[in-house]
Each structure stands twice: as C-alpha cells, then as structure tokens.
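Both counts, for ligands and for their atoms, begin at 1 and track the order of listing.
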Amino acid sequence: MRVLLSFCLAFWLVLMMFPDSWARVQGPCVDCHTMHNSQNGSAVVTNGPFRALTRGDCVGCHTGTNTGSNNIPYILSDTEPTYGDVGISGNTLAGGNFYWVADSGGNDDTKGHNVVYLAAQDANIGYTPPGWDNANFTANGAVAGGEASWSKQLTCAGKYGCHGTHTDEDDFRSISGAHHADDSTIDGSTVGKSFRFLYGIIGIEDSDWEYQPTATAHNQYYAIDRADGMNDNPANADPKSINYLCAECHGKFHSGVGDTEGADDEGSTVGSPWIRHPSDFDMNNVKTKEYGAYPGPFGTGNAYWPGAPVGANDLTAGVRSQVLQADGDAIVLCISCHRAHGSPNADLLRWDYNQCQASSGNAGNCGCYACHTSKY
Ligand code: HEC
Ligand code: HEC
Ligand code: HEC
Ligand code: HEC
Ligand code: HEC
C-alpha cells in the first residue's frame, strides 16, 4: 500500500512539474501532419493539402464520436450523437454538436451555427448574426471587420469566426501555434492561452471538454455581474467573459435592457422587469426570489447543475460544485440556455423550449426550471 501511495505521489509530482503537457497536442508528428501530402506518388489525404501541413481541415480532424477518453474534442459526428434530455448524459461535449445543422447530418438550419465547411448559408437568417452590433464589443478585435452586414459566411476561426484572432480571414493563420502552446495559464493574452482558443476569453477548462459533466467536473465559465456598477453600457462589459464572446456577434442581445430598444435608452436601467433575458447578472442579487433555490428540480443544496450552467466572477476559487455561496458565483450566461455549436433543439437551445410548460409539475427536459424554480 505504502509503495503504491509513494508511486502515486511521485507520479503526481511529475505531473505537477509538467502540468502543461496535459493540454498541448501530443504524439507523433505523422499523426497530424504530412510534409508534401505525397507518398509513393499518391496523395496522403484526399482533398488536401491543408494549411499548416495538417492532415485535415478544422472539421476533418474534429469529426468523430466522443468516448470520454479521446484526446481530441469531436464537434461533429458521422452518425447522430446521443444527447439525452439536456446534453449532459450522452456523447456530446460542452459546445454540443454540429451534427443536427450539418449538411451531412440533420441538415436543419435552426439547430446550430451554419459554419461554412459544414453547412450552407442559413436559409432563414443569411450571413449576418441576429442582434449584430457592429460598433461595440470589439475589444478582442472587430469580427467581420465591423462591416454593417456580413458579406461572408461564419467560419470556425478568424475574421468571420469564433475561435482565434479576428484580424485574419484565414482560420489556420488566426490560430497558428495554438495547438502546440503551453496553456497551463489561461489569461487570454494569446490564442493558445485563451479559453478553448477563443481569443481574449478566460475560464477553467474541463479536461475532457465536459464529456458527461457533473457538479464537480465541468468547465468553470468566467462572467461578471452587471449590477456591480457595470450597468448596461457595452463599454463596461468584460472582454474576458464568455458572454462577451457571444456579444462579439450578437451584441444587442447582451445589452438590450433599457425601457425600449434603441440607442438612447440602452444603458438606462438594469433589472426586473427586463426587456431581454439578462446575462452577466448574478443570481445572488435575487436569491430571496425563486432563484435562491437553483437548480430546482434538478438537484439539492444549490449544487451546480451542468444542464444550465452559471458563471463566476472569481476564478481563483476554482471549479464550483455548489453555487449561491458567495456574491458573483451564480451568473446567468448565454450558454445557460444555448449550446455554442449546436443541439437537437431549435435555436441551439440546450433543451426543447416547446416542452417548457408553466406549472406542469413535470421537470421533463426544461432547463428554465433550474432558475425559475417556482414556475415548475
Ligand atoms: C491535425 C488535426 C487537427 C486540426 C487540423 C485541427 N485540430 Fe483542433 N485539436 C486537435 C487536437 C489533437 C486537439 C486536442 C489537444 C488540445 O487541446 O490542444 C485539438 C483541440 C482543439 C480545441 C480545444 C482546445 C482546448 O483548449 O481544449 C479547439 C478549440 C480546436 N482544436 C480548434 C481547431 C480549429 C479552429 C482548427 C482549424 C483552424 C483546428 N482545431 C484544427 C487536432 C486538430
Ligand atoms: C495531435 C496533432 C498534432 C501533432 C501530434 C503534431 N502537431 Fe503540429 N500542429 C497541429 C495542428 C492542428 C496545427 C495547426 C493549428 C495550430 O497551429 O494550432 C499544428 C501546427 C504546427 C506548426 C505551425 C504552428 C507553430 O506552432 O509554429 C508546426 C511548426 C508544427 N505543428 C510542428 C509539429 C511537429 C514538428 C510535430 C511533431 C514533433 C507536430 N507538429 C505534431 C497538430 C499536431
Ligand atoms: C463570430 C460570430 C459569432 C459568435 C462569436 C457567435 N455567433 Fe451565434 N450566430 C452567428 C451567425 C453568423 C449566425 C447566423 C447564421 C447561423 O445560424 O449560423 C448566428 C446564429 C445564432 C443563433 C440562431 C441560430 C438559428 O439558426 O436560429 C443562436 C441561438 C446563436 N447564434 C447563439 C450564439 C451564442 C449563444 C453564442 C456564444 C456562445 C454565439 N452565438 C456566438 C455568429 C456568431
Ligand atoms: C441560469 C438561470 C436562468 C435560466 C436557465 C433561465 N433564467 Fe430567466 N431569469 C433568470 C434571472 C436571474 C432573471 C432576472 C430576475 C430578476 O431580475 O429578478 C431572469 C429573468 C427572466 C424573465 C423576466 C423576469 C423579469 O422580472 O423581468 C423571464 C420571462 C424569464 N427569465 C424566462 C426564462 C425562460 C422562459 C427560461 C428558459 C428558456 C429562462 N428564463 C431560463 C435566470 C435564468
Ligand atoms: C434564458 C435562456 C436564454 C439566455 C440566457 C439567452 N438566450 Fe438566446 N434564445 C433563447 C430562446 C428561448 C430563443 C428563441 C427565440 C426567443 O424566444 O426570443 C433564443 C434565441 C436566440 C438567438 C436567435 C434569434 C433569431 O433571430 O433567430 C440568438 C442569436 C441568441 N438567442 C443569442 C443569445 C445570446 C448572445 C445570449 C447572451 C447574451 C443569449 N442568447 C442568452 C434563450 C436564451
């Protein structure tokens, strides 16, 4: 027993000495790269060669079925992934999955972000994101170069994308070096040191990208409380928060809390009654109301419920397994309700909104009840 313990301790010490070796890519160069894309005169990978001499484009490498032990996050599956009620019990990851929106899969424009390599232009929306605010939320670089309406389709990374920097249209250039970067410190200073290569954003990364997350094993998202003197002015939003990421393309949905929508009164009031669902708002402010009983029918003792995640304004306290314990630990996020990549539900929602019935007494798969605990 003692031998085993000291072996474990030694192993742990080695890991502590090289903590970054967990998150950087590992293994033979040949697994991921081909120098000329030619072997015996034939192509090594069809459709190649690819940028950075890789054996696939972003989607190609990231297509597969998650098992919980794969060391690459799969964001698209060839066959329909298992999702469960709210996407925490199947084989999808934190971002959900593009399967349902992809032309190769469900081919339903409403169920995911129509990223250029996977799906044609969204037939309902077109190229420009709903709620696009081209003048604000540009601290991490202006997406789409700030053009008033988008001339190009959404990409994984780059000028028209979510990951990487937004200066360059080429998505490989915008994340160059990130896969090999030491990301033991996530401070948003480079793409590799940003939460999930989302340039400028911070957070604590779950080691298996939230494969079947629990109250203790999950991403810890960073957000701020707009009641902390942040009010509703976009200039006061925190560029490092996960909500800011969404606001880079959907800014009006982050800020519209004034009496009516419009430049003049946006920023005037913050609080109930709201005109758009709040995000960057801490439930500790309203814990005497129904919110104090989070996660309602989905848990007890204010356990963190990864089905409707909440963010925190202080990452030094680590991954929270219980919330509503201290100010700033239960902040509403865009992704409290949405999945970033896609889901089996309309509007990339985590659960089926149409199943949400007031006073039904049946939690079913309606995550709204996690916070609106008295509407259940
Ligand atoms: C050659 C295969 C390959 C290609 C091409 C590739 N990736 Fe990856 N990617 C990986 C592997 C392996 C990992 C897991 C290791 C890691 O986290 O760095 C990963 C991880 C990631 C992560 C998660 C990082 C984290 O913090 O956990 C993101 C985001 C990502 N890739 C985005 C992209 C984007 C965007 C592109 C295209 C510009 C791309 N990848 C191209 C293999 C690839
Ligand atoms: C598990 C997959 C994986 C393995 C193994 C891997 N790479 Fe990469 N590498 C990538 C991906 C993906 C990119 C492109 C995206 C990026 O730059 O983040 C990349 C980019 C690069 C780049 C350009 C960016 C930079 O960091 O300068 C170089 C050079 C590179 N790899 C060299 C190597 C060498 C040499 C090896 C073997 C010792 C190796 N890679 C092994 C996935 C891998
Ligand atoms: C780089 C820009 C960009 C970012 C960042 C971004 N989106 Fe989007 N989003 C778009 C575009 C473009 C569309 C419209 C086309 C489409 O559906 O893909 C869209 C559409 C949507 C839709 C409607 C989908 C539909 O078909 O009805 C939702 C919901 C959404 N985004 C939520 C989010 C959330 C939540 C985040 C943050 C995790 C986010 N977006 C981040 C660009 C972005
Ligand atoms: C992560 C927690 C959370 C989730 C999930 C959530 N809400 Fe909310 N919601 C809040 C908070 C906090 C407020 C603001 C309450 C306040 O200011 O008193 C709010 C406000 C609202 C309001 C406006 C109330 C007012 O006083 O103006 C409505 C309506 C609403 N939510 C509906 C929904 C619906 C429908 C869903 C599911 C699609 C949902 N919410 C999911 C936390 C949440
Ligand atoms: C309380 C749950 C909830 C939160 C939090 C939330 N959304 Fe939504 N979102 C929805 C629902 C439900 C819809 C469906 C349309 C509607 O009800 O207005 C939607 C629709 C959307 C759409 C599609 C609009 C269209 O025209 O098709 C976008 C884009 C979007 N949300 C982005 C965001 C962003 C960005 C944030 C954070 C700033 C956010 N959402 C926060 C529940 C939420």
Side-chain angles (χ1 to χ4, degrees), residues 22-27 31-33 50-62 70-73 75 95 110 117 122 124-125 129-132 155-158 161-164 170-176 178-181 183 186 191-192 194-198 205-207 209 227 242-257 270-283 285-287 289-291 294-295 305 307-311 330-338 346-351 353 356 358 366-372 375:
W22 285 337
R24 293 196 279 176
V25 290
Q26 294 175 25
D31 282 0
C32 301
H33 292 285
F50 294 101
R51 306 283 274 168
L53 320 188
T54 51
R55 300 181 67 129
D57 56 11
C58 312
V59 175
C61 266
H62 286 280
N70 41 299
N71 59 10
I72 171 167
I75 49 80
T110 68
Y117 319 92
D122 188 312
N124 308 312
I125 300 178
W132 171 236
T155 53
C156 300
C162 294
H163 299 276
D170 175 31
D171 44 11
F172 271 97
R173 198 176 298 152
S174 79
I175 65 157
S176 185
H179 284 75
H180 289 283
D183 68 348
I186 300 280
V191 174
S194 296
F195 182 77
R196 305 305 186 203
F197 305 165
L198 298 164
E205 299 177 334
D206 184 38
S207 59
W209 304 279
I242 192 73
N243 293 328
Y244 196 93
L245 168 80
C246 307
E248 287 177 18
C249 291
H250 303 288
K252 290 183 179 161
F253 296 174
H254 179 277
S255 300
V257 300
V270 171
S272 173
W274 300 80
I275 68 157
R276 283 214 169 99
H277 198 282
S279 52
D280 273 340
F281 181 70
D282 180 13
M283 291 202 284
N285 299 323
V286 286
K287 69 176 169 192
K289 300 195 208 172
E290 58 180 344
Y291 313 97
Y294 172 93
W305 184 55
V310 288
I331 299 174
V332 183
L333 311 171
C334 306
I335 54 171
S336 295
C337 302
H338 292 285
D347 287 302
L348 304 69
L349 287 164
R350 288 174 167 263
W351 52 84
Y353 188 31
C356 292
C366 174
C368 308
Y369 301 136
C371 305
H372 297 285
K375 308 299 186 287

Quiz item: R350 versus P309: any side-chain heavy-atom pair under 4.5 Å?
Solution: yes
Exercise. List nothing but the number: protein N/O/S atoms under 2.8 Å from atom 8 (Fe) of ligand 5.
Key: 1
Exercise. State, with a plain yes or no, whether a side-chain heavy atom of R51 is found less than 4.5 Å away from one of D171.
Key: no
Quiz item: How close does the nearest protein non-hydrogen atom get to atom 26 (O) of ligand 5, and which residue and atom is it?
Solution: P130 CB, 3.6 Å
Quiz item: Going by heavy atoms in the side chains, are R55 and F50 under 4.5 Å from each other?
Solution: no
Self-check item: Nearest option to atom 4 (C) of ligand 1, as decided by whichever heavy atom of A178, S174, C61 sits closest
Solution: C61
Quiz item: Taking SG to SG, are C368 and C356 separated by less than 2.5 Å?
Solution: no
Self-check item: Polar proximity ligand 4 side, Y353 side, N/O cut 3.5 Å exclusive
Solution: no
Quiz item: Strictly under 2.8 Å, is any N, O or S atom of H179 next to atom 8 (Fe) of ligand 1?
Solution: yes
Exercise. Classify the contact between P73 and ligand 1 as side chain, backbone, both or neither, using a heavy-atom distance cut-off of under 4.0 Å.
Key: side chain
Quiz item: Given Y291, W274, W305, F281, which has its nearest heavy atom closest to atom 10 (C) of ligand 4?
Solution: Y291
Quiz item: Any donor and acceptor pair, going by atom type alone, linking the side chain of H180 with main-chain N or O of G192 inside 3.5 Å?
Solution: no
Exercise. For ligand 1, note which part of H33 has a heavy atom under 4.0 Å away: side chain, backbone, both or neither.
Key: neither
Self-check item: Proximal candidate to atom 21 (C) of ligand 4 [heavy atom criterion; set H372, R276, R350]
Solution: H372
Exercise. Take every heavy atom of L333, measure it against each atom of ligand 5, and state whether any distance is under 4.0 Å.
Key: yes
Quiz item: What distance separates Y244 OH from H254 NE2, expressed to the nearest 0.5 Å?
Solution: 9.0 Å
Exercise. Hey, could you give me the CH2/CD1 distance between W132 and I125, rounded to the nearest 0.5 Å?
Key: 14.5 Å
Quiz item: What residue and heavy atom of the protein are closest to atom 43 (C) of ligand 4, and at what distance?
Solution: C371 CB, 3.4 Å
Quiz prompt | Mode of C368 contact toward ligand 4 - side chain, backbone, both, neither (heavy atoms, under 4.0 Å) | solution = both
Quiz item: Going by the atom numbers of ligand 5, which of them fall below 4.0 Å from some non-hydrogen atom of H254?
Solution: 38 (C)
Quiz item: Just how far is it from atom NZ of K287 to atom CG of D282, taken to the nearest 0.5 Å?
Solution: 8.5 Å
Quiz prompt | Pairwise side-chain contact, C32 with T54, heavy-atom cut-off 4.5 Å (strictly under) | solution = no
Self-check item: disulfide bond (SG atoms under 2.5 Å apart) partners of C162, counting only residues at least two apart
Solution: none
Quiz item: Applying a strict 4.0 Å limit to heavy atoms, is D57 in contact with ligand 1?
Solution: yes
Quiz item: Taking atom CZ of R196 and atom CD of E205, what is their separation to the nearest 0.5 Å?
Solution: 4.0 Å
Quiz item: How many angstroms lie between atom SG of C334 and atom NE2 of H250, to the nearest 0.5 angstrom?
Solution: 8.5 Å
Practice problem: Only heavy atoms count here, so choose which of F197, F195, F50 is nearest to atom 22 (C) of ligand 1. | Solution: F197
Quiz item: Just which atoms of ligand 5 are under 4.0 Å from any heavy atom in C246?
Solution: 35 (C)
Practice problem: Would you mind running through ligand 1 and noting each atom that sits below 4.0 Å from a heavy atom of E205? | Solution: 26 (O)
Quiz item: Is there a nitrogen or oxygen of R196 sitting under 3.5 Å from a nitrogen or oxygen of ligand 1?
Solution: yes
Quiz item: Below 4.5 Å, heavy atoms only, C-beta onward: do Y291 and N285 meet side chain to side chain?
Solution: no
Quiz item: Is Y294 in polar range of ligand 4, meaning some N or O pair under 3.5 Å apart?
Solution: no
Exercise. Could you list the atoms of ligand 1 found under 4.0 angstrom from a heavy atom of I175?
Key: 34 (C), 36 (C), 38 (C)
Self-check item: Closest approach of A178 to V191 (non-hydrogen atoms, all atoms of both residues)
Solution: CB-CG1, 3.8 Å
Exercise. State the atoms of ligand 4, each with its element, that fall below the 4.0 Å cut-off from a heavy-atom position in M283.
Key: 2 (C), 12 (C)
Quiz prompt | For C246, disulfide bond (SG atoms under 2.5 Å apart) partners two or more places apart | solution = none
Quiz item: So, for I175 and G164, which heavy atoms are closest and what is the spacing to 0.1 Å?
Solution: CG2-CA, 3.6 Å
Quiz item: Who gets closest to atom 42 (C) of ligand 1 by heavy atom: N70, L53, I72?
Solution: I72
Quiz item: Would a 4.5 Å heavy-atom cut-off, applied to side chains only, mark Y294 and V310 as touching?
Solution: yes
Self-check item: H163, portion touching ligand 1 at heavy-atom distance under 4.0 Å
Solution: side chain
Practice problem: Could you list which atoms of ligand 4 come closer than 4.0 Å to a heavy atom of V286? | Solution: 16 (C), 18 (O)
Quiz prompt | Any protein heavy atom nearer than 4.0 Å to atom 31 (N) of ligand 5 | solution = yes
Quiz item: Quick one: are H179 and F197 in side-chain contact, heavy atoms under 4.5 Å?
Solution: yes
Quiz item: Who pairs with K289 by salt bridge (charged side-chain N to carboxylate O under 4.0 Å, His left out), at least two apart in sequence or on another chain?
Solution: none
Quiz item: Contact between S279 and ligand 5, counting heavy atoms under 4.0 Å?
Solution: yes
Practice problem: Report yes or no: does a heavy atom of W209 sit under 4.0 Å from some atom of ligand 1? | Solution: yes
Exercise. Flag the pair C371 / E290 as yes when at least one side-chain heavy-atom distance between them is below 4.5 Å, and no otherwise.
Key: no
Self-check item: Any protein heavy atom nearer than 4.0 Å to atom 16 (C) of ligand 5
Solution: no
Practice problem: Tell me, with the steps shown, if C61 and I72 meet side-chain contact (heavy atoms from CB on, under 4.5 Å). | Solution: CA-CA 8 Å; C61 266; I72 171 167; 4.3 Å; yes
Self-check item: L198, portion touching ligand 1 at heavy-atom distance under 4.0 Å
Solution: neither
Quiz item: Between atom 8 (Fe) of ligand 1 and H62, is there an N, O or S atom separated by less than 2.8 Å?
Solution: yes
Quiz prompt | Numbering as shown, the atoms of ligand 4 that approach K289 to under 4.0 Å (heavy-atom distance) | solution = 16 (C), 18 (O)
Quiz item: Mind checking whether A370 has a heavy atom under 4.0 Å from ligand 4?
Solution: no
